[in-house]
Amino acid sequence: MNFEKVYEPQRFEPHWAQWWIDSRLYQVDVAKAVPGHIFSLVIPPPNVTGSLHIGHMLDHTVMDVAVRWHRMLGETTLWLPGMDHAGIATQMVVERELAKEGITRRQLGREEFERRVWQWKEEYGGRIQTQIRREGASVDWSRERFTMDHGLSRAVRETFVRLWEKGLIYRGEYMVNWCPRCQTAISDVETAHEAVEGFLWHIRYPLTGSHDALTVATTRPETMLGDTALAVHPEDERYRHLVGKTATLPILHREIPIITDPIVDPKFGTGVVKVTPAHDPNDFEIGKRHSLPFIKIIGEDARMTAAAGPYAGLDRFEARKRIVAALEQSGELIKTEPYTVNVSKCDRCKTVVEPLVSTQWFVRMKPLAERAMEAVRSGQIRFVPDDREPVFFQWMENIRDWCISRQLWWGHRIPAWHCASCRKITVARETPATCPHCHSTELQQDPDVLDTWFSSGLWPFSTLGWPDKTPDFETFYPTSLLITGFDILFFWVSRMIMLGLECTGCVPFRQVHMHGLVRDAERQKMSKTKGNVVDPLELIDRFGTDACRVALLVSASPGTDIALKEDRIEASRGFTNKLWNASRLLFLNLGRSGIRNWAPSGGALTTDSRATEDVWIFQRLNVAADTVNHALERHRYHEAAQTLWDFVWHEFCDWYLEVKKLRFREGSGLDPHWRAALTAYEATLRLLHPFMPFITEELWQRLIHGNATNEQQPRSISFARYPAASATALKTTHEIQIFELMKEVVEAARKLRADHKLDPKATLAATLYLHSATFAPEDLAAVAALSKLTVEQRSGAMGEQSGLLRSTPEFDLQIHAAASAQNGAVTGEARARILKEIANLERAIENSDRQLSDPVFLSRAPEKVVANLRAKREEYRIQLDKNRKLLEGLE
RNA sequence: GGGCGCGUAGCUCAGUUGGUUAGAGCGCCUGCUUCACACGCAGGAGGUCACAGGUUCGAGUCCUGUCGCGCCCACCA
């Protein structure tokens, strides 16, 4: 069998990825699903915009661990893949492509443009599929979906019509966030607030028919051209006499009324606010309350409109400069003070958003949010960990209506038709031929498309066939779990909960697990502009998928972001290589074993072998399995991965195999040893499989289907049973204590050798005084081999205290050889070390004594704690004693 | 302004009902190419757990305050 010294992931990973797909391994047969044993989740559909980044890989890896675990628990497990059409984002990249050819989308026309975007989707969608495959994600490709698929588009229309009919969708003229760059309205969550150093300009508004004036502070002087009132607080005594009078708008010399509105904060600035109903959300409300004129002075292109008089045609920021200059000149600018302004920027292109009054479609959120909050409060949906819940509730409680129409071409067209003759709107599931109100045929579909998140919000059920009651929908909905980054809690998670409850009457998932972001080694957010984006495929090529997965998983503790460092991946590659070489040891020796008819147990993690190391490793295996299963249940993936790392490396390899190796060399009576070793090894592979699917598949196939007759075994390790611990196997027995004692003796010997700079190669004579236990001959032989000693075992207390000593409450180890390289320097070093240890021990004993003589401690502390402390104290005392003697010996 | 979180070894971080010399990976030092692995093995140095109080027999862990840092939400012009 070909078994290289170094594991080369590139040789195996693509092969198994392909095999998993070709053999349709993860394609679920819905007919075989057993109620109560079903696990389903949907992938958060990546944008077709480009390629996956490392954050997706973390997301997908965590999901894959969960999915493979459930699958190995024997549940019917569906992981549904797919992609999102990502309206605005995709339209932008395609437009950018067109720009390279020197064309705009308008030149192309709507239909042709849409064709180009579909082309793009074909190309990049394929790339994303490849990436998901290489991540090892065990998705069901036969159920792959795209948000613009026919079925999903049907779900979108169905939802829209239902919400409209229930009055939960409305159309109207309101203030929205307008991105002048993207040329569309965007929702509140698509804007990002940013503190910018700006100014607060104090402007004088002369009172009509008086020499007096009111001073108004503003951060946006250009909007004054659209002012239609000044407002003060109703109880502000300073201005009470002016209410009802008018002031003159500088520059345009328009007369505007002075009104009162409770929203004005008398303590801010001068307590007088200029009111620009068409360009400020607050002013919009004031304007409505007082029926003020709405003068639109900034247009969709962020340039001043004709209403801006002399400034018409100027960019809004240029207009600001000129207006400030003009006011300064006319003496109407009283004061300019530096001020930090919160500006809203478009999430997508970072352009400063312009609040504009515009006719858009909205979803009434309050009633939806109520049900969503109730679902979380009542535990129908659980956040794990739950520390994100307050954020969810805070947002839900303050929710505002959702602007869902976008002035884009790429997306789901709003299913509403405008009648040119009667002016009425028809919202319908199917394109109407005539206007149902006046039977006119002059119907035109609304030009807008829906916010991308509208269709994503239906994802958990639209992908399963809803609104039809398909077998998939009936079987897999509600899904069991949602795993995603917390950065899309508002965009996606909340909306799925709301729309799921509204459309299906049921929560879309039972649990939500949110992980952190992957940041670069310097904890910077990854972004294309910073150029610190890590391409998962590149890492996979260099280190292998399994290594990358493990690196991500061990770093992914809940609630914190991951700072991805390459040395972490290198360490994980070391781990895969370690596993590979442990396997190599077993496989290369297997030929000599003469073992026949070995088959994996599959069931309980037990062995018939009474060999000390076998009993020990099976207990450790059970403990590991127990910890891992519990950790996975609670979505503590890092803990699970870390546990396996430690088990495989520091227990299975460092101790178990090291001892087993000695047994193998003995050559005879090996059968039980081999059976135990293979059983433990095979169970270890199964434990590891959800985390490292590729290498475990490769090794398992070699072990199971390589030579033995194992036809009744599953085709793939991913359908083998996930190991479960049994309670009895977790207990500590005599053999286990013996093995722990063996470890301690070996470690003591190694330490002595290093401390005294003994020849690392020499086999030295030693006497081991075991105070209560006794080693069987084969165990003593193992201890001797691992510590390179010829050990004579005696029971009871040590006699003559000479040579090099190491003592514990259980044993004294005495190496007879004088330190071969011992010289003054070494003695000094050893002395210093011993002195330090003595000091530490004295302190520890002092602490223990204080505690143990405290009656309150003795009465309140649990018995176990007290007993532990007593034992520890005894151990310190013995060590201290031996150290003092050792020191004397040196002098 | 509100909410959430963080501050533990040189670096990145674990540490879930409070329990007794505080852990890992990387880096560092010493030794070892031992017939699974130098992507390795053995040994080691390194921490007043941000600071100050409090609760407790006992605090990295719970409470209060201070300082420093981060994120999210928010219509204060």
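Throughout, a chain's letter reflects where its sequence line sits, starting with A, and its residues are numbered from 1.
One finds no salt bridge joining A:E651 and A:K743 here, because no Lys/Arg side-chain nitrogen approaches an Asp/Glu carboxylate oxygen to under 4.0 Å. Remark: A:K661 engages A:E658 in a salt bridge, criterion side-chain N to carboxylate O under 4.0 Å. Ion pair A:E874/A:R870 not flagged as a salt bridge, since none of the NZ, NE, NH1 or NH2 atoms sits closer than 4.0 Å to an Asp/Glu carboxylate oxygen.
Positionally, the nearest nucleotide of RNA chain B for A:H638 lies more toward the 5' end than for the other of A:S848 and A:H638. Each of A:D387 and A:W580 lies near RNA chain B, and the nucleotide nearest A:D387 is the one positioned closer to the 5' end.
With B:G3, B:C73, B:A77 as the choices, the nucleotide that has an atom nearest any side-chain atom of A:F490 turns out to be B:C73. Of the candidate nucleotides B:C75, B:C37, B:C41, B:C41 has the atom lying nearest to any side-chain atom of A:D654. Checked against B:C75, B:A36, B:G3, the side chain of A:H193 finds its nearest nucleotide in B:C75. Taking the side chain of A:L869 as heavy atoms from C-beta on, and the options B:U20, B:C37, B:A77, the nearest nucleotide is B:U20. Distances from the side chain of A:A582 to the nucleotides B:C72, B:A36, B:G43 place B:A36 closest. The listed nucleotides are B:A77, B:A36, B:C4; the one nearest the side chain of A:E658 is B:A36. Nearest to the side-chain atoms of A:A861 among the listed nucleotides B:G19, B:C75, B:C39 stands B:G19. Checking B:C37, B:G19, B:A36 against the side-chain heavy atoms of A:F857 singles out B:G19 as nearest.
Geometrically, A:R549 does not engage A:F694 in a cation-pi contact, judged by NZ or CZ lying under 6.0 Å from the ring centre and within 45° of the ring axis.
Base pairing in RNA chain B gives the following stems of 3 or more Watson-Crick or G-U pairs, range against range and under 3.5 Å: B:1-7 with B:67-73, B:10-13 with B:23-26, B:28-32 with B:40-44, B:50-54 with B:62-66.
Within 4.0 Å of A:R400, counting heavy atoms only, lie sugar-phosphate atoms of the nucleic acid but no base atom. As judged by a 4.0 angstrom heavy-atom cut-off over every strand, A:Y339 is placed among residues touching the sugar-phosphate backbone only. Using a 4.0 Å heavy-atom distance criterion, A:F284 is classed as making no nucleic acid contact.
Checked against the 6.0 Å centroid criterion, the rings of A:F664 and A:W674 qualify as a close aromatic pair.
For the residue pair A:T223 and A:K274, a side-chain donor N or O sits within less than 3.5 Å of a side-chain acceptor on the partner. When only modelled atom types and interatomic distance are considered, A:D227 and A:Y205 share a side-chain donor-acceptor pair under 3.5 Å.
Ring-plane geometry between A:F652 and A:F647 is classed as tilted, the angle between the planes lying from 30 to 60 degrees on a 0 to 90 degree scale.
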Report task. Using a 4.0 Å cut-off on protein heavy atoms (strictly under), produce a 5'-to-3' string for nucleotides 25-33 of chain B with B for base contact, S for backbone-only sugar-phosphate contact, and - for none. Result -> SS----SSS
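For the OP1/OP2 pair of B:C76 and a distance below 4.0 Å, the side-chain nitrogens and oxygens of A:K267 include no atom meeting the criterion. Listed pair A:K751 / B:G43 fails the phosphate criterion, with no side-chain N or O lying under 4.0 Å from OP1 or OP2.
One atom, CG of A:D265, and another, P of B:C75, lie 16 Å apart when rounded to the nearest Å. Residue A:Y7 contributes atom OH, which lies 17 Å from atom P of B:A38 at whole-angstrom precision.
Separating the CG atom in A:L58 from the OH atom in A:Y637 is a distance of 11.0 Å, to the nearest 0.5 Å.
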